[in-house]
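Everything below concerns the one structure shown next.
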Amino acid sequence: MFFTVECKALTVCLVGFRSTGPYYGRLVGRCKVFLRLVDQNQEQVNECVEGFGVIVLGLETSCDETGIAVYDTRHGLMAHRLYSQIAVHAEYGGVVPELASRDHVRKTMPLIHEALAEAGITVSDLDGIAYTSGPGLVGALLVGACFGRSLAWALGKPAIGVHHMEGHLLAPMLEDNPPPFPFVALLVSGGHTQLVQVDGIGRYTLLGESLDDAAGEAFDKAAKMMGLSYPGGPALSKLATTGDDKRFAFPRPMTDRPGLDFSFSGLKTFTRTKILALAVDGVLADTDKADIAAGFQAAVVDTLSLKCKRAMQQTGIKRLIIAGGVGANVRLREQLRVTAEAMGGAVYYPRPEFCTDNGAMIAYAGAQRLAAGQCSDLAVAVVPRWPLVDLPAVAHSVGAEAVDG
Ligand code: KG4
Ligand code: ZN
């Protein structure tokens, strides 16, 4: 009781002194360290830390985007910067890991300076640093981990390695109307397609996943076969808007049997067969290309929608979130909205720029875990393969409350 009153008094004082200029950040940092040192009751400490919030710098370098952001648990997203390596990899038709790592090295520090300037803070105002530590390309991950871990060490602040897919999964929390727990998450990126029951941060149950290609990977491979530019997903979905999605009978894989797993490699084979049948001297007519794109997209979207509906029925949870790069797909967003609403539920998704890789989702996820007292040790460690369900739970999460399904 005495401890709680002391902590609350400290919080009120610090909030009152917010205008003390450059020393405020340092003062708050010292007080938070003090609170953790005397920590007897994590709930009480969390309640008090929440009073003045934590400000976290997030670094995302797992693949071909350098994303840097600053997130404050009291005031929300303060700044974010994104640099896409599309131009670097376009001529190779896909991501070249070594080039990705080198480009992250070039861009990380300048973007950190830009993000801090946009947020109007200096490094001494930061309470911690979050970096993507997996899954992803090992060299690319190591760049963010080295920068993040070293900067935190130099500043004497905690650092945390964030799971990239947890970043995606929590990205809808960055929006004005964040979903309360529990919810069902459809994670659709270039490397993963998963349905997850989310009961809180780190409280994840895998409901189903792709047995072969991820949805984004299938989009990229089909686009490449049609000669579309890298990255294939956005190019294919743009072309699909001009095509007839009923001309070809694309299959809806694994929808005729129970369960929540996916398989997209058959769609790739179907696409290849159609291209070979229609191409004249290796060239497809524009209408054929557009009709194949439309048929392919409709098959992926129908399959994802059906499994989402099944997952909501199976769990009895009516809130659905969509996250990951394929979540930027307009037709998928619209169809899932209709599906969820028809079931008396609701769908939540991040703005399109936070569906694809970005630093804001890493800063957000890291801030939640740092605010709960979690942090990584001093090793610069990355985990290229890392099951989401292995993450520890966060008992108390800032900004979202557990409610009944
Ligand atoms: O989440 P993300 O940026 O990176 C990974 O974690 O993999 O997802 C990238 C994937 C790529 O496969 C890309 O083609 C796909 O998301 N993607 C799309 C769209 N925008 C990005 N797929 C379909 N429609 C889109 N509009
Ligand atoms: Zn991603």
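Keep in mind that this is a model prediction, so the values were computed, not measured. Every number for a ligand or one of its atoms is a count from 1 in the order of the listing.
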*With a cut-off of 4.0 Å, which atoms of ligand 1 are near a heavy atom of His168?*
1 (O), 6 (O)

*Any Lys/Arg nitrogen of Lys289 or Asp286 sitting under 4.0 Å from an Asp/Glu carboxylate oxygen of the other?*
no

*Starting from atom 22 (N) of ligand 1, locate the nearest protein heavy atom and write down its residue, its atom name and how far away it is, to 0.1 Å.*
Gly233 CA, 3.5 Å

*For the side chain to side chain contact (heavy atoms under 4.5 Å, CB included) test, which of Leu195, Val184, Leu332 pairs with Cys308?*
Leu195

_Selected option - heavy-atom contact closest to atom 15 (C) of ligand 1, from Leu236, Val301, Val326_ = Val326

*What's the atom name of the N, O or S in His164 nearest to the Zn ion (ligand 2)?*
NE2

*Check the angle between the aromatic planes of His164 and His168 and answer parallel, tilted or perpendicular using the 30° and 60° thresholds.*
perpendicular

*Polar-atom distance check: Asp220 versus ligand 1, any N or O pair below 3.5 Å?*
yes

_Is the distance from the ring center of Phe219 to that of Phe296 below 6.0 Å?_
yes

*Please state whether the rings of Phe250 and Phe270 are parallel, tilted or perpendicular, taking 30° and 60° as the class boundaries.*
tilted

*List the closest protein heavy-atom neighbour of atom 3 (O) of ligand 1: residue, atom name, distance to the nearest 0.1 Å.*
Asp357 N, 3.1 Å

*Identify which of Asn329, Asp64, Thr132 has a heavy atom lying nearest to atom 24 (N) of ligand 1.*
Asn329

*For Gly191, take its heavy atoms, then give the atoms of ligand 1 lying under 4.0 Å from any of them.*
7 (O)

*Specify whether an N/O/S atom of His192 falls short of 2.8 Å from the Zn ion (ligand 2).*
no

*Any nitrogen or oxygen of Gly325, main chain or side chain, under 3.5 Å from a nitrogen or oxygen of ligand 1?*
yes

*At the Zn ion (ligand 2), what is the angle formed between atom OD1 of Asp357 and atom NE2 of His168, rounded to the nearest 10°?*
100°

